[in-house]
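All remarks here apply to the structure that follows.
Please read these numbers as outputs of a predicted model, since none were measured by experiment. Lettering follows sequence order; numbering is per chain, from 1.
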Amino acid sequence: MSGTHFHFHDPYQPLESPIHRLDPRVKLALALGFIAIATLLPPGAWLAYGLLGGTAWGVAHVSGLGVRRVLRRSVLALPFVLAALPVIFTAPGPAWWTFPLGPWWISVRAEGVVRFVSVLLKSWLSLQIALVLVGTTAFPDLLAAMRALGVPRFLVMTFGLMWRYLFLLVDEARRMLQAREARSVPPEAPSQRVGGTLAWRAQVTGRMVGTLFLRTLERGERIYMAMVARGYDGEARVGSLPPLPRGERILLAGGWLFLIGVLILGWAF
Amino acid sequence: MALPVGEVMYRTPLIEAQDLAYMYPDGHVALRGVSLRIFRGEKVALVGPNGAGKSTLLLVLAGLLRPTAGILRVEGEEIGNGDLRRLRMRAGLVFQDPDDQLFSPTVFDDVAFGPIYQGLPEPVVRERVDEALRAVGMAWAASRISHHLSVGEKKRVAIATVLALRPELMLLDEPTAGLDPRGRRELIRLLRDLPRTMLVATHDMRLVAELFPRVIVMDEGQVVADGPTEVILRDEALLEAHGLEPP
Amino acid sequence: MHIPDGFLSPTVALPLWGVSAGMGGYALRRASRELTESEAPVIGVVAAGIFAAQMLNFPIAGGTSGHLLGTALATMLFGPWVAILIMTCVLSIQALIFQDGGLIALGANIFNMGILGALVAYAVQQTFRGLLGDRPGARYAAAFASGWAAVVMGALATALELSLSGLTPASVALPAMGGIHALIGIVEGLITMSAVAFLAAVRRGLLAERPVAGRVPLWIAGLALTLGLTLLAPLASSDPDGLERVARDLGLIQAERSLWNAPLSDYVIPGLPNQALATILAGMLGALLAFGLVVAFTMRRRREGGSS
């Protein structure tokens with residue numbers, strides 16, 4: 001499973017920058033557009049990738065987040081790259097290099113390497129623009145942008161509530177893990193089975209999950225009371241943003257034109 | 001409303017409870033016949049050991065739980081079974097855990113929640129939010145994200161979320177719990193300066209002595225004492241019998 | 001199993017977004033009806049709880065540990081539609097805020113881990129219930145089996161999507177991911193099972209059968225499940241380049257640049273070599289037969305069991 005959940009903090013960096021000041025709808029739409037274009041580009045479109053990369057880094061720099069930080073955080077997706085490794089050997093077309101490995105012959109295909117590197121780059125670029133998006137846009141603004149882009153109100157309210165209590169509940173989970181850790185002391189003399197049986201450990205974990213779940217449900221009940229106490233009547237009411245000012249609309253259009261241009265470029269050459 | 005009855009002025013209590021009883025769905029009886037009267041402008045403390053039913057009483061008075069028996073009146077008018085909503089708008093409950101009460105993305109959203117649901121127009125909502133945040137000294141935090149605040153700040157914002165509805169009666173559940181001495185002092189100052197009728201459940205006996213002229217003592221779902229703080233807090237036998245300590 | 005952006009080809013990622021959006025919308029409507037008045041507004045908190053619960057790791061051996069995904073647990077507690085809603089929230093926030101999974105790939109991830117997972121878990125749970133009744137042992141077995149099945153099916157779907165995107169041949173991806181996740185699924189099953197046991201002991205009411213508005217007949221769920229599985233059979237063919245070969249035979253992959261990386265799903269039926277088609281048909285027939293037996297058995301059990 002994805003065990004890389006170690007960076008549980010709000011990614012938003014409250015800095016002052018032109019990117020920060022942009023309307024969240026523009027940022028979300030352009031970020032999604034960027035990733036979509038990256039997905040649509042064919043393998044080996046190096047020039048197009050380069051343009052996207054330049055854009056991503058330029059934006060990262062202007063936003064004050066810094067290219068280095070974004071680069072560092074983007075290393076996260078790398079483990080998944082292993083899933084694409086086989087393409088190096090199984091793609092069609094001429095082989096670059098063939099070598100024996102035991103009883104088999106392994107051929108590294110040119111097309112395969114091209115595809116592999118392309119996947120790597122596309123993934124990496126998408127990740128970087130996503131990092132800039134969440135680094136420069138506070139979550140409440142992202143919610144408003146989602147609403148503007150058509151996400152149903154109930155879902156937006158649910159996202160908001162989830163995000164609000166995420167960090168709290170993650171902290172509770174952490175404390176439970178710490179408590180378990182504190183009680184997981186191996187004995188002085190090394191014994192056969194430290195840590196109990198697998199079944200026992202599964203049971204302990206299951207109970208922790210159950211406990212966290214119960215506490216979550218009880219907290220949910222209290223939050224509902226708090227909502228009702230302030231007049232909640234069953235309808236999700238989400239504020240709406242004012243219409244997009246002209247300057248931002250131009251930027252949005254320009255951004256999309258650029259991205260489409262990159263796409264055409266990628267396919268043409 | 002005050003009706004002269006002979007020499008004595010009889011005022012209609014703001015809120016009156018008669019033999020309130022409440023049983024939780026799992027069978028636990030939290031209130032066994034609670035009667036009390038709170039008049040406009042009073043600041044009353046509610047004390048008692050854990051499990052006495054203080055929180056439950058607050059939830060019932062706030063209109064969040066329907067009593068399984070007994071009568072509740074607001075300004076003389078009986079609150080029927082159908083209309084707890086009226087009660088909710090007039091009595092504002094500040095929860096013990098501010099995290100339960102701050103459920104919106106930003107402070108502004110949380111304080112605006114109540115007025116928005118009341119259907120107030122936007123400029124009025126803004127005004128109420130501003131007023132409420134200033135009353136608790138948190139006007140600077142309007143665009144902040146709730147979970148970035150300290151416990152004391154969260155408690156104050158929680159109070160603001162209730163103030164925005166301009167309730168006539170404020171109910172607070174353990175307001176000083178979990179606060180460091182400075183946070184506690186700030187909260188005491190805040191409560192003292194708020195010109196509202198209050199019923200505050202608390203374990204903090206020094207808070208009681210300092211701010212509340214009247215105290216109600218509860219134990220096992222019933223009211224066991226109700227009177228001037230000076231008198232009750234000096235009755236050591238009474239306090240000890242109900243798991244309390246003098247300040 | 002969270003697929004990042006850039007891995008799936010547009011022909012895989014975009015239709016899956018459509019499917020997820022469509023089914024997600026349906027799930028949203030169903031969930032709104034199934035959740036009580038006091039649950040609906042705070043379902044986000046439950047989602048946060050599942051997210052947090054995914055952090056509670058289960059040490060297996062030598063430093064490795066497993067985690068819960070939670071789809072099967074959510075399904076057992078709330079039914080499939082609410083579970084889909086919850087997992088959609090979890091996966092969306094993971095993708096958007098923590099970059100765990102891509103945004104264009106989110107449709108696929110929601111489908112694999114949320115929608116498919118919940119429906120499979122539900123089908124398995126209902127099957128167990130139909131066969132073994134409401135005994136606690138049956139419930140725990142169902143919890144384990146549905147947790148395992150949800151993970152394995154999700155992994156198979158992921159592998160299929162990756163191979164359809166031209167990254168790995170299906171004959172490598174499916175067994176590899178399927179195999180690994182058959183093991184990981186055990187972890188999911190164990191944690192789900194013990195969580196359910198704990199919750200049943202502490203708060204009996206939680207696991208009471210919820211009124212699922214307009215329940216999906218068991219046989220439809222089971223049928224969909226079985227058919228889905230049989231479709232995968234010929235893809236894990238013994239011919240190492242099976243999928244690629246078929247694609248080239250059909251002239252889909254030109255030498256250097258194909259317009260779409262590997263839109264093979266549309267072309268599986270027409271022009272497919274007889275062998276593969278025969279395999280699919282045979283598989284389906286066999287599965288239908290087996291399924292018919294299960295249904296018949298269940299019906300007889302019910303009649304024998306009387307009105308309990």
Quick one: of T161(B), L59(B), I116(B), L165(B), who has the most non-hydrogen atom pairs under 4.5 Å with chain A? T161(B)
Most heavy-atom pairs under 4.5 Å with chain B, out of Y12(A), F139(A), Y165(A), belong to Y165(A)
Residues, nucleotides or ligands: over 12 heavy atoms within 6.0 Å of R222(A) CZ: yes
Cationic N near anionic O, under 4.0 Å, E186(B) to R182(B): no
M227(A), part contacting chain B, at a heavy-atom distance under 4.5 Å: both
Charged N-O contact under 4.0 Å between R25(A) and D23(A): yes
Is a salt bridge present between D171(A) and R175(A), judged by a nitrogen-to-oxygen distance below 4.0 Å? no
With chain A as the partner chain, list the residues of residues 145-157 of chain B whose heavy atoms fall under 4.5 Å from it, by residue number, and write 'none' if nothing qualifies. I145(B), S146(B), H147(B), H148(B)
Do D110(B) and S104(B) have side-chain atoms, one donor and one acceptor, less than 3.5 Å apart? yes
Looking at T106(B), L102(B), D99(B), which has the largest count of heavy-atom pairs under 4.5 Å with chain A? D99(B)
Is any side-chain N of the basic residue among E16(A) and R21(A) closer than 4.0 Å to the acidic one's carboxylate O? yes
Checking heavy atoms, do the side chain of L168(A), its backbone, both or neither come under 4.5 Å from chain B? side chain
Most contact-rich option vs chain B, by heavy-atom pairs under 4.5 angstrom, among R164(A), M225(A), M157(A), is R164(A)
Bottom line for Q118(B): the part with an atom under 4.5 Å from chain A's heavy atoms is neither
Can you establish whether the number of heavy atoms outside E235(A) located under 6.0 Å from its atom CD is more than 12? yes
For E122(B), is the CD atom crowded, meaning more than 12 foreign heavy atoms sit under 6.0 Å from it? no
Under 4.5 Å from any heavy atom of chain A - which part of F103(B): both
Side chains of R73(B) and Q18(B): any donor to acceptor distance under 3.5 Å? yes
Cationic N near anionic O, under 4.0 Å, R32(B) to E220(B): no
